[in-house]
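Since the structure is predicted, the reported quantities are computational estimates derived from the model, not experimental observations. Note on naming: letters A, B, ... go to the chains in the order of the sequence lines (proteins, then strands), and numbering restarts at 1 for each one.
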Number of protein chains: 2
Amino acid sequence: MKAVLFLALHTDEDHKMMVKDVYGRINVPQSYLAKLLQELSKHNVISSARGPKGGFYLSAINKELPLIKIVDVIDGEQRLRSCLLSIKECDSENPCALHHLVGNANSYFIENLENTSIADLIVDVRDGKTVLPL
Amino acid sequence: MKAVLFLALHTDEDHKMMVKDVYGRINVPQSYLAKLLQELSKHNVISSARGPKGGFYLSAINKELPLIKIVDVIDGEQRLRSCLLSIKECDSENPCALHHLVGNANSYFIENLENTSIADLIVDVRDGKTVLPL
DNA sequence: GTTAGAATATGATAAAAATCAGATTTAGGA
DNA sequence: TCCTAAATCTGATTTTTATCATATTCTAAC
Ligand code: FES
Ligand code: FES
């Protein structure tokens, strides 16, 4: 998340960044970040270019992607959507004992991840409404 | 959580259960469950008695404890309360870029954990309003 | 074309979390 | 009193996740 937001803020088709210019800014080891970015790139969540003048960047299309893509690629689609008590399906029809604790909080969060694009967040950061501690 | 709820449902001062009678029901390895229960017992979230006729159980007092105790003991107090982007303090004064995504969802969840007792959940299970898949 | 700079791929290592194993303490009952 | 059944304690092992290291492929520029 940090890396993608950082890239969203500082890169585009004409301004790429290498992992070695990013990892220090977000306090993540270089190799680990490389693997994460490669994974995101492979799934077309972010873009990359090899060779000199290459690097990672977010295309205009990338920036319009919903945030949920990032967590789905990195953590898997089940990470946020599974029942707290491991019931097969989490729905309000047959709620587990903990279901109401979360209430619509979790689905609210997921829906926000689905409906908010990377670009949306960057707008707020640029407007100073939110802060990116990088 | 599963184990505590299971114990809440099936034990009291006069009806204790041993880990070997619990672990199979909640699909958790015996030794791991033992360690978790011991930790909870050490912090007085659940009760235990050694020797023959002993076992783990939830006293009336235990059952009135808020659920947050369980997660604080097992996962640490920071697990649910830290900023998604690792800002020192997560508050709406200086929100990070992801803060509004969670909105009040997270605090809603935490407050529920703080205001709901183990006993409260058991009531719903007994009433058939929720299900404990055990 | 050749070179050098970048991501990519692959496997190894380290750290953290989960799991296992066994010795130790406590307590009930014969 | 002594035996046995349970939790407790301690440390080791396994599994997962994070991190490292290195070889490979692509590509822009000369
Ligand atoms: S059914 Fe368990 S969290 Fe929804
Ligand atoms: S400030 Fe980051 S989640 Fe609240």
Side-chain angles (χ1 to χ4, degrees), chain A residues 1-4 6-7 10-59 62 70-80 82 86, chain B residues 1-4 6-7 10-59 62 70-80 82 86:
Chain A
M1 276 286 183
K2 288 188 195 176
V4 171
F6 184 78
L7 289 176
H10 293 105
T11 72
D12 58 32
E13 281 87 348
D14 301 321
H15 303 82
K16 299 157 188 159
M17 287 187 82
M18 300 179 293
V19 317
K20 68 170 175 178
D21 296 320
V22 176
Y23 81 92
R25 303 293 297 274
I26 64 176
N27 222 43
V28 164
Q30 176 165 11
S31 304
Y32 186 41
L33 176 62
K35 212 165 227 181
L36 293 176
L37 290 183
Q38 283 166 24
E39 194 70 10
L40 289 169
S41 176
K42 183 197 292 187
H43 288 83
N44 301 309
V45 175
I46 70 178
S47 304
S48 64
R50 294 187 187 187
K53 267 285 175 185
F56 290 99
Y57 65 99
L58 267 71
S59 68
N62 294 147
I70 301 170
V71 2
D72 282 349
V73 166
I74 299 298
D75 292 306
E77 304 194 354
Q78 292 313 301
R79 183 59 168 272
L80 292 180
S82 45
S86 319
Chain B
M1 276 287 183
K2 287 189 196 176
V4 171
F6 185 77
L7 289 176
H10 293 104
T11 71
D12 57 32
E13 282 85 348
D14 301 320
H15 303 82
K16 301 162 185 149
M17 285 187 84
M18 300 179 293
V19 318
K20 70 171 174 176
D21 296 320
V22 177
Y23 81 94
R25 303 292 296 276
I26 64 176
N27 222 42
V28 165
Q30 176 165 10
S31 304
Y32 186 42
L33 175 61
K35 211 166 227 182
L36 293 176
L37 291 183
Q38 285 166 21
E39 194 70 11
L40 289 169
S41 176
K42 183 197 292 185
H43 288 83
N44 301 310
V45 175
I46 69 177
S47 305
S48 63
R50 294 186 186 189
K53 268 288 174 183
F56 290 99
Y57 64 100
L58 267 72
S59 69
N62 291 149
I70 302 170
V71 2
D72 283 348
V73 166
I74 300 299
D75 293 306
E77 304 195 353
Q78 292 312 304
R79 183 60 167 271
L80 292 180
S82 44
S86 321

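Place B:Pro52 and A:Lys53 on DNA chain D by their nearest nucleotides, and B:Pro52 ends up nearer the 5' end.
Separating the NE2 atom of B:His43 from the C1' atom of D:dA7 is a distance of 17 Å, rounded to the nearest angstrom. To the nearest angstrom, C1' of C:dA6 lies 14 Å from CD1 of A:Ile46. Rounding to whole angstrom units, CE of residue A:Met18 and C1' of D:dA28 are separated by 14 Å. B:His15 places its NE2 atom 18 Å from the C1' atom of D:dA6, with the value rounded to the nearest Å. Computed from coordinates, the B:Ile74 CD1 to C:dA17 C1' distance equals 13 Å when rounded to whole Å. With rounding to whole Å, B:Lys16 atom NZ is found 10 Å from C:dA27 atom C1'. A:Phe56 places its CZ atom 9 Å from the C1' atom of C:dA6, with the value rounded to the nearest Å. Following rounding to the nearest Å, B:Tyr57 (OH) and D:dA7 (P) show an atom-to-atom distance of 12 Å.
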Would you give me the side-chain donor-acceptor pairs under 3.5 Å for residues 24-43 of chain B, sequence neighbours excluded?
from: B:Ser41; atom 1: OG; to: B:Ser48; atom 2: OG; distance (Å): 3.0
from: B:His43; atom 1: ND1; to: B:Glu39; atom 2: O; distance (Å): 3.0

Please lay out, stage by stage, how B:Phe56 and B:Val22 fare under the test side-chain contact (heavy atoms from CB on, under 4.5 Å). CA-CA 10 Å; B:Phe56 290 99; B:Val22 177; over 6 Å; no
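When all heavy atoms of B:Tyr57 and B:His15 are compared, the closest pair comes out as CB-O, 4.2 Å. For the residue pair B:Met18 and B:Gly54, the shortest heavy atom distance occurs at CG-O, 4.1 Å. Minimum heavy-atom separation, A:Met17 to A:His10: SD-CB, 3.9 Å. Considering every non-hydrogen atom in both B:Asn44 and B:Asn62, the closest pair reads O-ND2, 3.4 Å.
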Using a cut-off of under 3.5 Å, enumerate the N/O to N/O pairs linking the protein to nucleotides 23-25 of chain C.
from: C:dT25; atom 1: O2; to: B:Arg50; atom 2: NH1; distance (Å): 2.9

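In terms of the side chain to side chain contact (heavy atoms under 4.5 Å, CB included) criterion, residue partners of B:Ser86 (sequence neighbours excluded) are, by chain and number, A:Lys2. Every residue two or more places apart in sequence or in another chain was checked for a side-chain hydrogen bond (donor to acceptor under 3.5 Å, both in side chains) with A:Asp21, and none qualifies. In terms of the side chain to side chain contact (heavy atoms under 4.5 Å, CB included) criterion, residue partners of A:Asp75 (sequence neighbours excluded) are, by chain and number, A:Val71, A:Arg79.
Close to C:dA7, at under 4.0 Å from its OP1 or OP2, lies no side-chain N or O of A:Ser41. At C:dA6, none of the side-chain N or O atoms of A:Ser48 fall inside 4.0 Å of OP1 or OP2 (strictly under the cut-off).
Applying a 4.0 Å cut-off to non-hydrogen atoms, the residues of residues 23-39 of chain A that approach DNA chain D are A:Pro29, A:Ser31, A:Tyr32, A:Lys35, listed by residue number.
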